[in-house]
Visitor: 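Sharing a structure with you now.
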Amino acid sequence: DRSPSRGLGDVYKRQVSFPIPLTSFYYFCAHSAYKCAKVIMELEQSFIALIEQSIKTNWYLNALTDYKGITLQYRDVARKIEKIHILLENAGIEKGDKIAICGRNSAHWTVTYLAVITYGAVVVPILHEFKADQVHNIVNHSEARLLFVGDQIWENLNEAAMPHLEGIIELKDFGVPVSRSEKLAYARDHLNEIFGHKFPCRFRPDDISYEKEKSEDLAIINYTSGTTGYSKGVMLPYRSILSNVLYCKEKIGLKAGDSVVSMLPLGHVFGMTFDFLYGFTAGAHLWFLTRMPSPKIIAESFAEIRPRVIACVPLIVEKIFKKNILPKVDNKLGKLLLHVPIISDKIKELIKQKAMEVFGGNFIEIIIGGAPFNAEVEAFLKMIDFPYTIAYGMTECGPIICHSHWTELKLASCGKVAARMEAKVLSPNPSAIAGELVCRGANLMLGYYKNEEATRQVIDTEGWLHTGDMATIDEDGNVFIKGRCKNLLLTSSGQNIYPEEIESKLNNMPYVSESLIILQQDKLVGLIYPDSDDAFAHGLSQSDLVRVMEENRLELNKQLPAFSQIARFKLYPEEFEKTAKKSIKRFLYQDIKE
């Protein structure tokens, strides 16, 4: 029985209902026992040990590079980790304490992350796109004791709004602009001296010995990219991180010295896992673009870096193919040649070669995830045998739920359920009728930080995580995502947007009775049912009301991250239709025209 819900116990309990040689049955039982033992042994490994081993093994290899900036070898990373440990120790940080990091992708961001987890503290990565009040809220909600921050972020923060922080440390040079601890300030001022006393004979691989974690220990609190500072904190244990990294090692095939370009925000688990954590433990050379990955920047940097594995959101691939690849065949002759049996293979190979060159010409696979992929672009990639694959997951699974190697990926599928995970579709006929996809396994989170009610809403009593996505699963185990069954809006750049949070702000603005936020052509549109009686009572005309709503939109956007800006609004003439529980029937308003 290949059902992912079946375990070794089921083998013993179920009767064999078909003829089978006894020796084959014994072999099957032994093989199943071996597989179960293998999973247990894998999860008894230590993720911290993987980091330690990679540093020691790859001591003289390049580890981290800021494109057009600094390069750190693995030995440099180890040295900086030890110095950050000195700062943490002098700040009185203990195992399990929370340390927040907020900044753009960089070598020092990753060094800080590694230092925090190898110290035994809990990492709280914060998206650099969040507004100042959101950063303040996450720092306070997570009970972070220290905040490592990029200089561009720090300019907009207010330390008085984070009263429980004991220090703020700059990622650029690890300076301490705010210290509420004399020992922390002293340690930073005398850091090299303290390091020299600790390691009087030069720092060597044998000096590294990080305390190993327990599998259920909390490693990360990752706040989802909600549109206010009140997003939920996903608690990921070390078993989730380890299982995800082991899966990448089993499926992808990076080798020591291979280059990886980190384009995805490290505050997201997709980039954190596929690029950073997997890449570092594999001994790869990680490159950080430190700026928005436009097609022009990608073409320039990839030609130099020649990355071996690329992880990105669909929008990047779609832009590059639509701008740089498809125009070359978007003519009558090109379309004709693609359908001529004798010539088409040669034409397809030429197109594939050109596409490979755009991405550096050296990669073994492009991993696409974080948002739905354009069906037309995917069909084209499949036609030219381009090495792409789809990764499906959630922050709550750190993130992997489904993925397949590009040679095994079925068109329009997100692959098969990952190792150490199981999934099913809540449908009477999962292969034909879409139902909600639920999953459980080693990758699953512990829950939402300080929010047991929200945890109970997504993880049922049998341990199944309800993904909120509608899906089907074919007889071969390929999963096809059909759409979302939540209100969550997902942009093409991979950002999760929670409309209720925007609406709660908009509903408090002048002359707004109620509102709906919808996604149209990848832009957020605000549908507003105005309080016309109040407006007219104050002497406003219809044109005045339109002007006020535009002012509301501009004011609202000042409070929102760049990825959740409202592009335009539309006044709605009547109250929105509601359910018996007074919830707006959102599905009625998704296709509102101008």
Side-chain angles (χ1 to χ4, degrees), residues 248 251-255 258-261 263-264 274 293-392 402-416 474 476-482 492-494 522:
C248 291
K251 283 288 184 179
I252 298 175
L254 273 177
K255 297 179 181 178
D258 284 345
S259 289
V260 173
V261 176
M263 294 187 290
L264 300 166
F274 279 91
S294 66
K296 181 178 179 180
I297 291 173
I298 288 174
E300 172 194 334
S301 60
F302 280 36
E304 177 183 344
I305 298 168
R306 304 188 76 234
R308 195 64 173 148
V309 171
I310 301 166
C312 62
V313 294
L315 185 61
I316 292 175
V317 176
E318 290 166 10
K319 280 186 175 181
I320 289 175
F321 269 83
K322 289 177 180 179
K323 183 176 181 179
N324 298 351
I325 308 300
L326 289 177
K328 299 183 184 301
V329 294
D330 190 20
N331 57 71
K332 292 182 179 180
L333 177 60
K335 291 179 179 178
L336 176 64
L337 291 176
L338 286 172
H339 293 88
V340 177
I342 300 176
I343 306 175
S344 63
D345 287 345
K346 292 183 179 180
I347 299 296
K348 291 175 184 177
E349 184 59 35
L350 288 173
I351 297 170
K352 177 182 177 182
Q353 184 179 347
K354 176 61 180 176
M356 298 285 285
E357 290 173 0
V358 171
F359 290 97
N362 189 47
F363 63 95
I364 53 178
E365 186 172 78
I366 289 183
I367 304 163
I368 301 168
F373 195 23
N374 182 280
E376 181 182 344
V377 174
E378 182 180 4
F380 181 81
L381 298 186
K382 205 70 172 175
M383 180 187 68
I384 65 173
D385 202 27
F386 188 78
Y388 82 96
T389 188
I390 306 294
Y392 167 76
C402 300
H403 171 261
S404 288
H405 190 270
W406 74 271
T407 56
E408 303 168 347
L409 184 69
K410 194 169 183 178
L411 182 64
S413 166
C414 60
K416 298 180 180 180
D474 69 16
D476 296 320
N478 297 294
V479 177
F480 300 82
I481 303 298
K482 300 300 183 182
S492 62
S493 61
D522 208 45

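Position 1 is the first residue of the sequence; numbering continues from there.
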Visitor: Using side-chain heavy atoms (C-beta onward) and a distance below 4.5 Å, is Val309 in contact with Asp258?
Guide: no
Visitor: Evaluate the side chain to side chain contact (heavy atoms under 4.5 Å, CB included) criterion for residues Leu411 and Glu378: first the C-alpha distance (whole Å), next the side-chain angles of each, then the deciding distance (0.1 Å), finally the verdict.
Guide: CA-CA 8 Å; Leu411 182 64; Glu378 182 180 4; 3.8 Å; yes
Visitor: Heavy atoms only: give me the nearest Gly415-Ser404 pair and the separation to one decimal.
Guide: CA-OG, 3.3 Å
Visitor: Using the six-membered ring wherever Trp is involved, compare the ring planes of Phe386 and Phe359 and label them parallel, tilted or perpendicular (cut-offs 30° and 60°).
Guide: tilted
Visitor: Please check if the side chain of Lys352 supplies one atom and the backbone of Asp385 the other of a donor-acceptor pair under 3.5 Å.
Guide: yes
Visitor: Counting C-beta onward and ignoring hydrogens, is there a side-chain heavy-atom pair between Ile298 and Met263 closer than 4.5 Å?
Guide: yes
Visitor: Taking side-chain hydrogen bond (donor to acceptor under 3.5 Å, both in side chains) as the definition, give me every residue that meets it alongside Lys410, ordered by chain and number, with sequence neighbours left out.
Guide: Asp474
Visitor: Minimum heavy-atom separation for Arg308 to Leu254, with atom names?
Guide: CB-CD2, 4.0 Å
Visitor: Do side-chain atoms of Glu365 reach the backbone of Ile252 as a donor and acceptor pair under 3.5 angstrom?
Guide: no
Visitor: Using 0.5 Å steps for rounding, measure from the CD1 atom of Ile390 to the CD1 atom of Ile481.
Guide: 11.0 Å
Visitor: For the pair Glu318 (side chain) and Phe373 (backbone), establish whether a donor and an acceptor sit closer than 3.5 Å, ignoring hydrogens and angles.
Guide: no
Visitor: So, for Pro314 and Gly369, which heavy atoms are closest and what is the spacing to 0.1 Å?
Guide: CD-O, 3.4 Å
Visitor: Ignoring hydrogens, what is the shortest heavy-atom contact between Ile316 and Cys312? Give both atom names and the distance.
Guide: CD1-CB, 4.1 Å
Visitor: Only counting residues at least two apart or in another chain, list the ones meeting side-chain hydrogen bond (donor to acceptor under 3.5 Å, both in side chains) with Asp522.
Guide: Ser492
Visitor: Which heavy atom in Phe302 sits nearest to a heavy atom in Val358, and how many Å separate them?
Guide: CB-O, 4.1 Å
Visitor: Give the intermediate values and the outcome of side chain to side chain contact (heavy atoms under 4.5 Å, CB included) for residues Val313 and Leu264.
Guide: CA-CA 8 Å; Val313 294; Leu264 300 166; 3.6 Å; yes
Visitor: List in chain and number order the residues that pass salt bridge (charged side-chain N to carboxylate O under 4.0 Å, His left out) with Asp476, two or more places apart in sequence or in another chain; answer none if no residue qualifies.
Guide: none
Visitor: Please examine the side chains of Leu381 and Val317, heavy atoms only from C-beta on, and report whether any two atoms are closer than 4.5 Å.
Guide: yes
Visitor: Judged by atom type as modelled, is there a donor-acceptor pair below 3.5 Å linking the side chain of Ser259 to the main-chain atoms of Arg306?
Guide: no
Visitor: Does Val479 offer a backbone N or O that forms a donor-acceptor pair with the side chain of Ser413 under 3.5 Å?
Guide: yes
Visitor: For Lys382 and Leu409, indicate whether the former's side chain and the latter's backbone hold a donor-acceptor pair under 3.5 Å.
Guide: yes
Visitor: Show, in sequence, the C-alpha distance, side-chain angles and deciding distance for Val260 and Phe274, and conclude whether the side chain to side chain contact (heavy atoms under 4.5 Å, CB included) test is met.
Guide: CA-CA 10 Å; Val260 173; Phe274 279 91; over 6 Å; no
